[in-house]
Amino acid sequence: MIRMRGANAVEFALILPVILFLIAASTDFAWWSFTRQAVSRAVQDGAREASRTILPADATDGVEII
């Protein structure tokens with residue numbers, strides 16, 4: 001009969017880096033996705049606010065419109 005005393009520890013040591021990598025990758029992807037959405041929302045809000053803002057008449061002095 002083959003002795004299997006440390007088999008669980010060896011299997012755990014082999015699979016632990018894979019599990020940690022998957023957790024880290026999913027956390028990183030979630031952070032990237034959140035940041036991308038936040039920046040996109042900020043750009044949309046800025047564009048919306050800029051389109052509603054009425055500029056004074058002298059705000060365009062010195063600007064050439066082609």
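When a residue number appears, it is its place in the shown sequence, counting from 1.
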Counting distance only, does the side-chain N/O of T27 pair as donor-acceptor with the main-chain N or O of I23 below 3.5 Å? yes
Close side-chain approach of E11 to N8, heavy-atom, < 4.5 Å: yes
Interatomic spacing from CD in Q37 to CD in Q44 - rounded to 0.5 Å: 9.0 Å
Please check this pair: side chain of S40 against backbone of R36, looking for a donor-acceptor N/O pair closer than 3.5 Å. no
Would I15 and L22 show up in the same hydrophobic cluster when neighbours are defined by side-chain heavy atoms closer than 4.5 Å? yes
Say you draw a straight line from CZ of F21 to CG of D28; how long is it, rounded to the nearest 0.5 Å? 9.5 Å
Within one Ile-Leu-Val-Met-Phe-Trp-Tyr cluster: I19 and L14, side-chain cutoff 4.5 Å: no
